[in-house]
2 protein chains.
Amino acid sequence: MGSTLIFAFMRTRDENKIEAIYREALQMVVNEGFEGLSMQKLAKAAGVSPATIYIYFKDKEDLLLQLHKRELDKYFAYILDGFDPEMDFASGLAVQWKRRAEYVIKHPNEGHFMENFAFTPLLQKSIRMRDKRFSEMMSRFVTKAIQNKELVVMPFEVYWSVAFAPLYNLVRYHKAGMNLSGEKFQLTDEMLMQTLSLVLKALKPGAGEPVPDISCIKHQ
Amino acid sequence: MGSTLIFAFMRTRDENKIEAIYREALQMVVNEGFEGLSMQKLAKAAGVSPATIYIYFKDKEDLLLQLHKRELDKYFAYILDGFDPEMDFASGLAVQWKRRAEYVIKHPNEGHFMENFAFTPLLQKSIRMRDKRFSEMMSRFVTKAIQNKELVVMPFEVYWSVAFAPLYNLVRYHKAGMNLSGEKFQLTDEMLMQTLSLVLKALKPGAGEPVPDISCIKHQ
DNA sequence: AATATAAATGAACGTTCATTCATTTTAAAA
DNA sequence: TTTTAAAATGAATGAACGTTCATTTATATT
């Protein structure tokens, strides 16, 4: 698969073919769902023989895992550009928000694929192949912000959910062109800025809002 | 299909069969993904003949649409219990949060299915069959809260994303048993209460946080 | 017990699926 | 120009797919 040994007398790989396979596979999953991705349809769409796909990928599962890894790598690289975990919290969060928003707005299919993939049984296998450096940086950023009292003490998962889940939800509506009730919806920069403002307000240190007891887990 | 005409000399329907079909279909989608749901495997799992499924459902797509509608109806009914759109904002939001959290924690597969379905091409067809009363109540609740100055002016979609997307993200981690980095994760009541507290803080009227300009949409 | 009707079925349909394989094509080194 | 080894292929594989159909089963009424 990923072997890069080069012998004499080798015919050169046509990288355009690999790109086409990746591109059309992603398109197909987004347009027709995971059950709509077939190797023969994919081969036709990418303009190659079905057998060619098996030169580059062990099987269909391998293709999906490689595609997911590739998309995550591209996404993470984009997010990290201009970001430094040593930034102060508000600036760092704003930079990340902007980069994430820009990417998924400009590349809605890529965003859709990554989110959809997170509900697949393949997710766990994908996580195992993941480069840990990205999440280490994110973790460091949050730990440091808590130490510096720029952020209330909270588990990383709570932070991430409050900080970014609203953004991804808005982008999902935007891509579908409608909200959950079926009403037309188009995301605007004003909405994005307002949402970021609300998120910053939520995460800013200070008295939390009092909350009624909601024991959903203990009393099962 | 949904016909309820009853003639004399009719053999009675075995409702257990329909229940089993629904139950196993949901299980199969959650465990193996949408591409893992086959009518023959489903028939075997539900203990019926493949042909029996086609007595109750026009085809596979119809089965998925009916299943989704059924799950949404159950979920919405649960959420609305104890909720009244005329409640004051903080109480109403807390009630909804508690009900939503309880349901998806107690019924993780059902929650997973509904969220996963939202990325399917079938979503648009499902939205068209949807009972509008639920979203009308939610809409009324928010409009009224804005009028009463209990909530900053914002589009409904922004409200929903800030209010509930963090909850669903946490529950997703909880069901997977890990966060996006692959670290073990278990949701606690404390995390839920903290997240609700942050959400209430975000939505509470008052000065928003200043935010840098993030124009992701205009400059494309 | 006989009857009428829909429920329920197992086997079969043609199609599409993922994958393989014998063969041809390609391109750089010799 | 010849040589070489991987790239690339079209056709074929058996398995699994969604769906149908001729037939049998079950049951509330007569």
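Reminder, nothing fancy here: chain letters follow the sequence lines and each chain counts from 1.
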Give me the distances for all protein-to-nucleotides 23-25 of chain C N/O pairs that come in under 3.5 Å?
unit_1, atom_1, unit_2, atom_2, d
C:dT25, O2, A:R11, NH1, 2.8

**OP:** Let me know the distance between CZ of A:F34 and C1' of C:dA18, rounded to the nearest Å.
**Re:** 17 Å

Original post:
For the residue pair B:F141 and B:F89, does the interplanar ring angle fall in the parallel (under 30°), tilted (30 to 60°) or perpendicular (over 60°) class?
Top reply: parallel

Original post:
How many Å lie between CG on B:L63 and C1' on D:dT19, as a whole number?
Top reply: 13 Å

**OP:** With sequence neighbours excluded, tell me which residues meet side-chain hydrogen bond (donor to acceptor under 3.5 Å, both in side chains) with A:E136.
**Re:** none

Original post:
Would you call A:E86 and A:R140 a salt bridge, using N to O less than 4.0 angstrom?
Top reply: yes

Subject >> Selection from C:dA7, D:dT19, C:dA28 that lies nearest to any side-chain heavy atom of B:Y56 >> reply: C:dA7

Subject >> Residue list, salt bridge (charged side-chain N to carboxylate O under 4.0 Å, His left out) with A:R70, at least two apart or on another chain >> reply: A:E19

**OP:** Run the ring-centre check on A:Y159 versus A:F156 and record whether the distance is less than 6.0 Å.
**Re:** yes

**OP:** Using atom CG of B:N16 as one end and atom C1' of C:dA8 as the other, report the distance to the nearest whole Å.
**Re:** 14 Å

Subject >> Rounded distance in Å - CD (B:E32) to C1' (D:dC17) >> reply: 14 Å

**OP:** Answer yes or no for A:R100 and A:F164: cation-pi contact, defined as NZ/CZ to six-membered ring centre under 6.0 Å and angle to ring axis within 45°.
**Re:** yes

Subject >> For DNA chain C, the residues among residues 18-30 of chain B that have a non-hydrogen atom under 4.0 Å from it >> reply: none

**OP:** Using whole Å, report how far CG of B:D14 lies from C1' of C:dA6.
**Re:** 13 Å

Original post:
DNA chain C: B:T12 or B:P50, which has the more 5' nearest nucleotide?
Top reply: B:T12

**OP:** Mind checking side-chain hydrogen bond (donor to acceptor under 3.5 Å, both in side chains) for B:D131 and listing every partner two or more places apart, or none if nothing turns up?
**Re:** B:R133

Original post:
Do A:E110 and A:Y103 have a side chain donor and acceptor closer than 3.5 Å?
Top reply: no

Original post:
Angle class for the B:Y168/B:Y75 ring planes (parallel below 30°, perpendicular above 60°, tilted otherwise)?
Top reply: perpendicular

**OP:** Take atom CD1 of B:I53 and atom P of C:dA7, then tell me their distance rounded to the nearest Å.
**Re:** 16 Å

**OP:** Determine whether more than 12 heavy atoms belonging to other residues, nucleotides or ligands lie under 6.0 Å from atom NZ of B:K132.
**Re:** yes

Subject >> A:E32 CD: over 12 foreign heavy atoms closer than 6.0 Å >> reply: yes

**OP:** May I have the distance from B:I55 (atom CD1) to C:dG10 (atom C1'), rounded to whole angstrom?
**Re:** 13 Å

**OP:** Assign B:T52 to base, sugar-phosphate, or nothing according to its heavy-atom contacts below 4.0 angstrom with the strands shown.
**Re:** base

Original post:
If you check every side-chain atom of A:S49, which of D:dG10, C:dT19, C:dA28 has the closest atom?
Top reply: D:dG10

**OP:** Nearest whole angstrom, please: distance from the C1' of C:dC17 to the CD of A:E61.
**Re:** 16 Å

Subject >> Candidates A:Y22, A:F34, A:F117 - the one meeting ring-ring contact (aromatic ring centres under 6.0 Å, His included) with A:H68 >> reply: A:F117

Original post:
Near DNA chain C, under 4.0 Å by heavy atom, which residues of residues 35-48 of chain A?
Top reply: A:L37, A:S38, A:M39, A:Q40, A:K41

**OP:** Go through C:dA8, D:dT19, D:dT27 for me and flag the one nearest to the B:Y54 side chain.
**Re:** D:dT19

